[in-house]
Amino acid sequence: MEKTVLITGATSGIGKETAKYFAHKGNFKLILCGRRTERLESLMQELSPKTAVTTLSFDVRDKKAVFHAIENLPDAFSEIDILINNAGNAHGLDPIQRGSIDDWDAMLDINVKGLLYVSKAVMPQMVARRAGHIIHIGSTAGKEVYPNGNVYCASKHAVDAINKGMRLDLNQYGIRVGAINPGLVATEFSEVRFKGDEERASKVYQGYQPLKPEDIADIIHFVVTRPYHVNIADLVVMPTAQASSTVINKNV
Ligand code: NDP
Ligand code: 8X3
């Protein structure tokens, strides 16, 4: 049976490729979310010949907008089977004593509080139906801390804790909860982290083969297509060249 999937952060990178991958595989209706409306519209046009698509444009920091959008979904999309909490970014890579408070606010408000707002808007209907699947896109930054990663790592450690806590609390309702924690994936992530400095951003992915957003889309699809009794609770995936946040083999 066709399932309805809500993907946050569908305008770029992992979220966008996941939308394309799911549309290509079939059996999913898509709710695509993000702030950049033009990108949402163009992705909807691209994918509509393959599957039913609708878009929601909101900033995950704006709780009123989050609830308004999700509560007013068209009937055909109102029962959400799968929530992919993907929206997020790093802002800055500074030692903590030189960190920008605006960057800290952005990371905690988007990666942590925004994820909670979207989840809070979706969970009641899953609880009522005693069904659903919530996937968090965490990070290796939620499993270890690297120099200058401080607050971004804190935000992803919070996602790790929320993933575990949500799984405990939703267990009695038969709702699956799990996280996928990628290492380095070549997306717009570093452009955002370095505030549009493309040269600096591109260096992050040079000299080795990083993960592609399609790799993560493929894993998300695998996770949601397991039989109901299988919940992939916590998965870490890195490029072969990466052994930890700081050990990357650039000699192959
Ligand atoms: P991108 O920068 O390519 O995509 C980020 C997405 O998040 C965009 O669609 C953006 O949409 C959305 N987003 C950001 N801020 C907001 C906001 N305030 N409100 C709503 N949507 C927002 O990066 P990735 O695809 O790499 O990142 C996706 C997730 O993967 C993030 O949670 C990131 O932390 C995580 N991740 C990334 C890794 C990597 O190496 N790239 C590794 C591990 C985890 P818009 O700007 O249109 O709102
Ligand atoms: C993104 C991966 O190593 O830049 O979460 O933090 S990293």
Side-chain angles (χ1 to χ4, degrees), residues 6-20 32-43 55-63 65-66 69-70 84-93 103 105-118 135-160 162-163 179-196 200-201 203-205 208 210-217 219-220 235-239 241-248:
L6 186 150
I7 307 171
T8 65
T11 56
S12 169
I14 293 169
K16 182 177 179 181
E17 288 308 319
T18 301
K20 288 177 163 180
L32 309 178
C33 309
R35 289 167 299 179
R36 286 170 285 182
T37 310
E38 278 176 22
R39 286 192 183 200
L40 289 174
E41 290 299 320
S42 121
L43 189 57
T55 66
L56 297 178
S57 181
F58 56 76
D59 186 324
V60 295
R61 288 172 288 196
D62 182 343
K63 58 185 142 191
V66 168
I70 292 173
I84 304 175
N85 271 324
N86 164 74
N89 275 114
H91 294 269
L93 184 67
D103 285 346
D105 282 342
M107 290 185 278
L108 296 173
D109 289 347
I110 298 166
N111 302 357
V112 184
K113 290 168 68 183
L115 175 149
L116 287 169
Y117 299 157
V118 174
I135 294 171
H136 300 113
I137 304 303
S139 171
T140 45
K143 301 291 184 183
E144 57 175 313
V145 178
Y146 54 85
N148 303 330
N150 45 68
V151 177
Y152 177 66
C153 294
S155 76
K156 289 297 185 177
H157 275 69
V159 172
D160 190 49
I162 291 165
N163 178 56
I180 296 165
N181 301 283
L184 292 151
V185 190
T187 63
E188 293 177 17
F189 177 87
S190 290
E191 266 179 69
V192 175
R193 168 168 253 175
F194 300 131
K195 303 176 196 313
R200 192 173 174 201
K203 283 189 184 141
V204 175
Y205 307 114
Y208 69 101
L211 292 170
K212 297 182 286 221
E214 298 92 307
D215 297 322
I216 309 303
I219 291 168
I220 298 172
L235 185 154
V236 175
V237 51
M238 290 184 273
Q242 182 177 17
S244 77
S245 293
T246 49
V247 177
I248 299 152

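In each ligand, atom 1 is the first atom listed, and ligand 1 is the first ligand listed.
Here the side chain of Asp109 pairs no donor or acceptor atom with the backbone of Arg61 at under 3.5 angstrom. Checked by atom type and distance alone, the side chain of Asn181 never pairs as donor or acceptor with a backbone atom of Val236 at under 3.5 Å.
Considering backbone and side-chain atoms together, Tyr205 places no N or O closer than 3.5 Å to any N or O of ligand 1. In terms of polar-atom proximity, defined here as any N/O pair under 3.5 Å, Val60 does make such a contact with ligand 1. Some N or O of Ser12 is nearer than 3.5 Å to an N or O of ligand 1, by distance alone. Polar contact check, Val185 against ligand 1: a nitrogen or oxygen pair lies under 3.5 Å apart. Taking distance alone, with nitrogen or oxygen atoms compared against 3.5 Å, Gly9 approaches ligand 1 more closely than that limit. Among the atoms of Ile14, some N or O lies under 3.5 angstrom from an N or O of ligand 1.
Between Arg36 and Glu188 there is a salt bridge, since a side-chain N of the basic residue sits under 4.0 Å from a carboxylate O of the acidic one. Using a 4.0 Å cut-off between charged nitrogen and carboxylate oxygen, Lys113 and Asp105 do not count as a salt-bridge pair.
Using a 4.0 angstrom heavy-atom cutoff, Gly183 counts as in contact with ligand 1. Within the structure, the closest approach of Lys156 to ligand 1 falls below 4.0 Å when heavy atoms are considered. Taking a 4.0 Å cut-off on heavy atoms, Pro213 fails to register as neighbouring ligand 1. Within the structure, the closest approach of Gly138 to ligand 1 falls below 4.0 Å when heavy atoms are considered. By the 4.0 Å heavy-atom criterion, Thr8 is excluded from the residues contacting ligand 1.
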Distance-only donor-acceptor hits, side chain of residues 148-155, under 3.5 Å, sequence neighbours excluded:
| unit_1 | atom_1 | unit_2 | atom_2 | d |
| --- | --- | --- | --- | --- |
| Asn150 | ND2 | Asp94 | O | 2.9 |
| Ser155 | OG | Asn111 | ND2 | 3.1 |
| Ser155 | OG | Tyr152 | O | 2.7 |

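Among protein heavy atoms, atom 27 (O) of ligand 1 sits closest to Gly88 O, 3.9 Å. What sits closest to atom 26 (O) of ligand 1 on the protein, heavy atoms only, is Thr187 OG1, 2.6 Å. Of the protein's non-hydrogen atoms, Arg35 NH2, 3.1 Å is the one closest to atom 15 (N) of ligand 1. Atom 34 (O) of ligand 1 has its closest protein heavy atom at Tyr152 OH, 2.7 Å. Nearest to atom 2 (O) of ligand 1 among the protein's heavy atoms is Asn89 ND2, 3.0 Å. Among all protein heavy atoms, the one lying closest to atom 43 (C) of ligand 1 is Pro182 O, 3.1 Å. When hydrogens are left out, the protein atom nearest atom 11 (O) of ligand 1 is Thr11 OG1, 2.9 Å; that is the closest non-hydrogen contact. Regarding atom 18 (N) of ligand 1, its nearest protein heavy-atom neighbour is Asp59 OD1, 2.9 Å.
Across all their heavy atoms, Asp103 and Gly92 have their closest contact at OD2-CA, 3.8 Å. Counting all heavy atoms, side chain and backbone alike, Ala19 lies closest to Leu32 at CB-CD2, 3.5 Å.
The residue among Ile137, Leu40, Ile216, Asn86 with a heavy atom at the shortest distance from atom 32 (O) of ligand 1 is Asn86.
Glu17 CD to Lys212 NZ: the interatomic distance, rounded to the nearest 0.5 Å, is 10.5 Å. We find the OG1-OH distance between Thr246 and Tyr146 to be 10.5 Å, quoted to the nearest 0.5 Å.
Close approach of ligand 1 to Phe58 (heavy-atom distance below 4.0 Å) involves ligand atoms 19 (N), 20 (C). Near Arg36, with a cut-off below 4.0 Å to any heavy atom, the atoms of ligand 1 are 8 (C), 10 (C), 11 (O), 45 (P), 46 (O), 47 (O). Of all the atoms in ligand 1, the ones that sit under 4.0 Å from a non-hydrogen atom of Glu188 are 2 (O), 3 (O). Counting the atoms of ligand 1 from 1 in the order shown, those under 4.0 Å from a heavy atom of Ala10 are 9 (O). Atoms of ligand 1 lying under 4.0 Å from any heavy atom of Arg61, numbered from 1 in the order shown and given with element: 18 (N).
More than 12 heavy atoms of other residues, nucleotides or ligands shown are found within 6.0 angstrom of NZ on Lys143.
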Close N/O pairs between ligand 2 and protein, under 3.5 Å:
| unit_1 | atom_1 | unit_2 | atom_2 | d |
| --- | --- | --- | --- | --- |
| ligand 2 | 5 (O) | Ser139 | OG | 2.6 |
| ligand 2 | 5 (O) | Tyr152 | OH | 2.6 |
| ligand 2 | 6 (O) | Tyr146 | OH | 2.6 |

